[in-house]
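A short write-up of the structure that comes next.
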Number of protein chains: 2
Amino acid sequence: MTRKPPTMADVAKAAGVSPMTVSRAFKRDSSVSDATRAAILQAAETLGYVFDSTASNLRSQRSDFVAVTVPSINNANFAETVRGLSEGLRARDLQILLGYTDYDMEEEERLIEQFLRRRPEAIVVTGGRHTDRARRMLENAAIPVVETWDLPEDPIGHVVGFSNADAVRGMVDHFVRRGLTRLAFIGGDAQRDTRGTDRRRGFIRAMQDHGLEAHRLIDAGAPPISMAEGAMAMGLLLARFPDTQAVICVSDLSAFGALTECQRRAVPVPERIEIAGFGDYDVGAVCVPALSTINPFPRQIGSRTAELILSLLDAPQPPRVIEITPELILRGSSA
Amino acid sequence: MTRKPPTMADVAKAAGVSPMTVSRAFKRDSSVSDATRAAILQAAETLGYVFDSTASNLRSQRSDFVAVTVPSINNANFAETVRGLSEGLRARDLQILLGYTDYDMEEEERLIEQFLRRRPEAIVVTGGRHTDRARRMLENAAIPVVETWDLPEDPIGHVVGFSNADAVRGMVDHFVRRGLTRLAFIGGDAQRDTRGTDRRRGFIRAMQDHGLEAHRLIDAGAPPISMAEGAMAMGLLLARFPDTQAVICVSDLSAFGALTECQRRAVPVPERIEIAGFGDYDVGAVCVPALSTINPFPRQIGSRTAELILSLLDAPQPPRVIEITPELILRGSSA
DNA sequence: ACAGTTTGTGTTATCGATAACAGACTCGCA
DNA sequence: TGCGAGTCTGTTATCGATAACACAAACTGT
């Protein structure tokens, strides 16, 4: 026999107080005497009462949600950002409503629509490119919007990110400074992964600025580019441009795949070809040789975003752009 | 000038119908004529109306949430499970409320409490060990509970999982069958990672059943055990038990770290020592040599759980145990 | 001792959608 | 033509907590 679950009114009756007092007892810093609070919590425990945020949300017009969309849940970089976010937001008891877009703007649009219906306190999206409708929805939502992992030309609201193109430029500069000129890039030009595309564009522009040709471009397939695809791409690269001196990959994952392909073919790295990645994933620090890479501080993107949101919830502020400076990390794969 | 956002009543007035009709127009298969639905959606679009699930949830007593806790968001295996889950649940427009416990049962308890307040339709947890209070909360929640990634002795409700101990036993058997007897295990015995502990226990029991000593146990630190910790552990192993013939690691990540340590020390794998992991992560399939491992079909755990939940929402059923059979994958690291 | 504040609690109305019920209308078939 | 079944729309009450206001009791300081 399952009887209806108890409500606040039931707890109130059991504790001999009004529902309002029960409500206050369940809040953080409300004015209830310690004695009554204890009695109320005791009564709630006995009855097996579970606070109903559904009702609370409606009446108080607060959901205590922060909506977050990332391209992929299965990606250590974005996972770090989410971790930074959720740790920063926990202090204020804000819960994360997480969704992944699969690198698909239509899917992002769907997600944003779903999320806005839940009336989040703020919304965080990855990247600066969205469908028109998604953009409109975000603009019209009367909540803080933060775009991350990018520096959009025309931000919707706030931004916590970095220039993917400039980050790759730093790596190109490094190789050119050391006298290497025959450089290649492994990564897709798919519309889907706009950050990957930005990195590729950054590579091409940097090469041109150095007066070098940027024709050694290997498209490794649809994002997210896996280790296996990185390996395949390296196979293509070695076949098509055998005199390549160094290759920059769209991520450490593809870079690691590329490295293993060299190992399988007994192509010595870095002696015969140098390799660099992007993202400073664990695998790149541990593999032999370790991968040169770029660390965009994904955790920090999350924690700075959390800080920003907390301050925005206290007091609205004009749109801000918080720029993160990625760090070049040089290791054995390019030494 | 920010005026109050429009409600269903506003849309109803604009479209010249009753709020109830607007409500129906926003539902899936409700009886509204195509003409009026179009008019209503048009009016909603014009007004910039966004459906408010907060109110809907309260009145209909449905949240369309499924709560899910995983130990770590930054883990490809659990990410796959979540992906399988969310794809299966999308059909019914169920949203996932995701939280990670950081391999901490206290944190899990906090999460479960937070989640139950949101009145999810079902709740999925990873593993079969919980704090007493967490267990009580789950038992009392009048919703389907699914424990995953394990086969608990005393399940709370439903189960979709496998025996971690038995899976490792399969790997031990494989080595012993091939005549190897000096086997080691890398992984923690921390209370925190109960699945890791189960694998370790499975190793010990299997060794004993073969009449072999199981003293080559290297504790690699607190979970989740990283690649770097796997490498350190391999260093210890080679120092303390130099005659070890094969080592089973608690995960592919630590196994890969161990492999790289062998590469740094020029210890040939598999000639001098064989290595096996757990989880069939990408890295293990791509690295050189590729890692022998155990695939517990994490994606399938998610999709089967989703199926189960969908059927439970249609009609309550007695607790079920759905057992997944992990697959032994043999690759170059143990050939 | 008394006005002024702080503290603890209660009363009433309300957040915005929808379940439950009811009624009007259309259609098919005898 | 009439009747039952099906389709579409409206009315009323309600989900469960809490904002806003009110007020008594317990303090504070001069």
Side-chain angles (χ1 to χ4, degrees), chain A residues 3-41 43-44 47-65 93 114 116-121 141-142, chain B residues 3-41 43-44 47-65 93 114 116-121 141-142:
Chain A
R3 59 177 169 287
K4 238 171 45 177
T7 71
M8 240 178 210
D10 299 321
V11 177
K13 202 173 299 173
V17 295
S18 76
M20 194 63 235
T21 305
V22 178
S23 170
R24 286 192 263 253
F26 272 90
K27 292 278 160 250
R28 272 271 159 84
D29 41 61
S30 47
S31 54
V32 197
S33 72
D34 291 345
T36 45
R37 161 173 277 127
I40 287 168
L41 294 181
L47 292 177
Y49 170 72
V50 177
F51 183 92
D52 188 336
S53 10
T54 302
S56 169
N57 293 343
L58 175 60
R59 174 66 241 228
S60 66
Q61 300 288 72
R62 306 199 52 220
S63 65
D64 290 335
F65 274 134
D93 271 341
Q114 291 294 319
L116 290 180
R117 292 175 163 211
R118 303 268 184 192
R119 297 287 187 269
E121 315 290 335
Chain B
R3 59 177 170 288
K4 238 171 46 177
T7 72
M8 239 179 210
D10 299 319
V11 177
K13 202 172 298 172
V17 296
S18 77
M20 194 62 234
T21 305
V22 178
S23 170
R24 284 194 264 252
F26 272 90
K27 292 280 161 248
R28 271 271 159 86
D29 41 59
S30 48
S31 53
V32 199
S33 71
D34 290 346
T36 43
R37 161 173 277 129
I40 288 168
L41 294 182
L47 291 177
Y49 170 72
V50 178
F51 183 91
D52 187 336
S53 12
T54 302
S56 169
N57 293 344
L58 175 59
R59 174 64 242 226
S60 67
Q61 298 290 69
R62 308 199 53 224
S63 65
D64 289 335
F65 274 133
D93 272 341
Q114 292 293 321
L116 290 180
R117 292 175 163 212
R118 303 269 183 191
R119 297 290 188 267
E121 314 291 335

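The chains referred to below are lettered A, B, ... by the order of the sequence lines, with proteins before strands, and numbering in each begins at 1. FYI, side chains are in, hydrogens and waters are out, and symmetry mates aren't considered; it's all heavy atoms of this structure.
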Inset, instruction - Nearest whole angstrom, please: distance from the C1' of C:dA17 to the NZ of B:Lys27. - result: 8 Å
Legend entry - Side-chain N or O of A:Ser31 closer than 4.0 Å to phosphate OP1/OP2 of C:dG8: no
Inset, instruction - Would you mind classifying the nucleic acid contact of A:Phe26 as base, sugar-phosphate or nothing, using non-hydrogen atoms under 4.0 angstrom? - result: nothing
Inset, instruction - Measure the acute angle between the ring planes of A:Phe26 and A:Phe51, then classify it against the limits of 30° and 60° as parallel, tilted or perpendicular. - result: tilted
Legend entry - Distance in angstrom units between B:Arg117 CZ and D:dC15 P, rounded: 21 Å
Inset, instruction - Answer yes if the side chains of B:Ser56 and B:Ser53 hold a donor-acceptor pair under 3.5 Å, and no otherwise. - result: no
Inset, instruction - For the side chain of A:Arg24, starting at C-beta, report the closest nucleotide among C:dG10, D:dT18, C:dA20. - result: C:dG10
Inset, instruction - Starting at atom CZ of A:Arg62, determine the distance to atom C1' of D:dA19, rounded to an integer number of angstrom. - result: 13 Å
Inset, instruction - Among the candidates C:dT18, D:dC15, D:dA17, find the nucleotide nearest to the side-chain atoms of A:Met8. - result: D:dA17
Legend entry - Phosphate OP1/OP2 of C:dT18 contacted by B:Gln61 side-chain N/O (<4.0 Å): no
Inset, instruction - Specify the separation, in whole Å, of atom CG of B:Asn57 and atom C1' of D:dT14. - result: 15 Å
Inset, instruction - Whole angstrom is fine here: how far is it from CG in A:Asp34 over to C1' in C:dT7? - result: 12 Å
Inset, instruction - Mind calculating the distance between CD1 (B:Ile40) and C1' (D:dC8) to the nearest angstrom? - result: 11 Å
Inset, instruction - With the side chain counted from C-beta on, respond yes when B:Thr21 and B:Ile40 share a heavy-atom pair under 4.5 Å apart, and no when they do not. - result: yes
Inset, instruction - Scan A:Val17 against the nucleic acid and name what it touches under 4.0 Å (heavy atoms): base, sugar-phosphate only, or nothing. - result: sugar-phosphate
Inset, instruction - Return the nearest nucleotide to the side chain of B:Leu58; candidates are D:dT11, D:dC15, C:dT11. - result: D:dC15
Legend entry - Phosphate OP1/OP2 of D:dA17: any A:Tyr49 side-chain N/O under 4.0 Å: yes
Legend entry - B:Arg59 CZ - C:dT14 P separation (whole Å): 19 Å
Inset, instruction - Could you tell me whether the side chain of A:Ser63 and the main chain of A:Arg119 form a donor-acceptor pair under 3.5 Å? - result: yes
Inset, instruction - Test side-chain contact (heavy atoms from CB on, under 4.5 Å) on B:Asp52 and B:Thr7 and set out the steps. - result: CA-CA 8 Å; B:Asp52 187 336; B:Thr7 72; over 6 Å; no
Inset, instruction - Select one nucleotide: of C:dA17, C:dT11, C:dA20, the one nearest the side-chain heavy atoms of B:Met20. - result: C:dA20
Inset, instruction - Indicate whether OP1 or OP2 belonging to C:dG8 is found under 4.0 Å from a side-chain N or O atom of A:Thr21. - result: no
Legend entry - Cation-aromatic face contact B:Arg118/A:Phe65, 6.0 Å, 45 degrees: yes
Inset, instruction - Go through D:dA20, D:dA17, D:dG10 for me and flag the one nearest to the A:Ala55 side chain. - result: D:dA17
Inset, instruction - Considering just the side-chain nitrogens and oxygens of B:Ser33, establish if one lies under 4.0 Å of OP1 or OP2 belonging to D:dT9. - result: yes
Inset, instruction - Write down the distance between CZ (A:Phe51) and C1' (D:dG16), rounded to a whole number of angstrom. - result: 9 Å
Inset, instruction - Return the 5'-most residue of the pair B:Pro19, B:Arg119 with respect to DNA chain D, ranking by each residue's nearest nucleotide. - result: B:Pro19
Inset, instruction - Assign B:Thr36 to base, sugar-phosphate, or nothing according to its heavy-atom contacts below 4.0 angstrom with the strands shown. - result: sugar-phosphate
Legend entry - Phosphate OP1/OP2 of C:dT18 contacted by B:Ser56 side-chain N/O (<4.0 Å): yes
